[in-house]
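All of these numbers come straight from a predicted model, not from anything done at the bench. In what follows, chains are A, B, ... by sequence order, proteins preceding strands, each numbered from 1.
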Amino acid sequence: MGINNLFEKVYRVVKNIPKGKVASYGQIAKLARVRGLSKRKITPRMVGIALHKNPDPENIPCHRVVNKDGRIAENYAFGGWKKQKKKLLVEGVKFIDEMHVDLEKFFWKPRP
DNA sequence: TGTGTGACGATCG
DNA sequence: GCGATCGCCACAC
């Protein structure tokens with residue numbers, strides 16, 4: 001675990017996503033930016049990369065992160081998109097089609 | 001050391 | 001409306 005690692009900030013935010021909710025890459029990027037107060041910018045792209053290299057899937061629920069349209073990740077690093085979908089379904093997250101979660105109902109709205 | 005390549009997203013022509 | 005392009009940074013080569 002690094003100290004100044006941008007990835008760490010991402011992981012910290014992702015850990016806060018409650019069970020049964022999903023967040024977007026862009027949303028995580030913003031939250032990590034505020035929390036980090038870093039001069040470096042965390043972009044949604046960075047978030048995706050960070051989660052792809054998730055060192056601790058047990059404690060970092062990266063399956064709860066989808067893109068802005070609610071689409072799950074084709075290249076989900078721990079078994080592919082079907083695995084990600086399964087994990088979400090088990091938590092009660094509903095899908096509107098094969099690869100899109102119902103953002104209307106399950107999008108995480110963090111408290112201010 | 002330089003270059004290419006990413007679980008993305010906003011913008012531009 | 002869609003593809004190209006860019007921003008951003010870590011990492012493999």
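A straight line from NE2 of A:H52 to C1' of B:dC8 spans 14 Å, rounded to a whole angstrom. Atom CZ of A:R33 and atom P of C:dC8 are 10 Å apart (whole Å). Straight-line distance from the CZ atom of A:R71 to the C1' atom of B:dC8: 10 Å, rounded to whole Å. Per the geometry, CG belonging to A:N54 stands 17 Å off C1' belonging to C:dC11, to the nearest Å. Atom CD1 in A:I42 sits roughly 15 Å away from atom P in B:dG9 (whole-Å rounding). Whole-Å rounding puts the A:L6 CG to C:dG7 C1' distance at 14 Å. Between A:I49 atom CD1 and C:dG7 atom P the separation is 16 Å, expressed in whole Å. If you take CD1 of A:I17 and C1' of B:dA7, they are 13 Å apart, rounded to a whole angstrom.
Note on A:V22: it does not cluster hydrophobically with A:L31, by side-chain heavy-atom contacts below 4.5 Å among ILVMFWY residues.
For the pair A:N67 (side chain) and A:R71 (backbone), a donor-acceptor distance under 3.5 Å is present.
Atom CD1 of A:I72 and atom CE of A:M99 lie 4.5 Å apart (nearest 0.5 Å).
The closest side-chain heavy-atom distance from A:V10 to A:I28 is below 4.5 Å.
Note that A:K85 lies in the cation-pi zone of A:F95, set by a 6.0 Å cut-off to the ring centre and a 45° limit from the axis.
Taking the 5.5 Å centre cut-off and the 30° plane limit, the aromatic side chain of A:Y25 is not classed as stacked on B:dA7.
Between B:dC8 and C:dG1, the two P atoms lie 22 Å apart (nearest whole Å). One C1' atom belongs to C:dC13, the other to B:dA7, and the distance between them is 22 Å to the nearest Å. Nucleotides C:dT5 and B:dG4 place their P atoms 14 Å apart, quoted to the nearest Å. Only the P atoms considered, B:dT5 is 15 Å distant from C:dA4, to the nearest whole Å.
Using a 4.0 Å heavy-atom criterion, one finds that A:A77 contacts the bases of the nucleic acid, with or without backbone contacts as well. Residue A:N75 is in base contact, counting any heavy-atom pair closer than 4.0 Å across all strands shown.
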Can you list, pair by pair, the side-chain donor-acceptor contacts under 3.5 Å of residues 86-94 of chain A, counting residues two or more places apart and other chains?
from	atom 1	to	atom 2	distance (Å)
A:E91	OE1	A:G20	N	3.1
A:E91	OE1	A:R64	NE	3.0
A:E91	OE2	A:H63	NE2	2.9
A:E91	OE2	A:R64	NE	3.2
A:E91	OE2	A:R64	NH2	2.8

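Of the candidate nucleotides B:dG6, B:dG9, C:dA10, B:dG6 has the atom lying nearest to any side-chain atom of A:R45. Checking C:dG7, C:dC9, C:dC11 against the side-chain heavy atoms of A:T43 singles out C:dG7 as nearest. Closest to the side chain of A:F78, from the set B:dA7, C:dC11, C:dC8, is B:dA7. Checked against B:dA10, B:dA7, B:dG6, the side chain of A:K68 finds its nearest nucleotide in B:dA10.
When all heavy atoms are compared, the tightest approach of A:A29 to A:T43 is CB-C, 3.8 Å. Summarising the geometry of A:I42 relative to A:M46, their closest heavy-atom pair is CG2-CB, 4.2 Å, with the distance given to 0.1 Å.
Stem analysis of DNA chain B (Watson-Crick or G-U pairs, both distances under 3.5 Å, runs of at least three) returns B:2-6 with C:9-13, B:8-13 with C:2-7.
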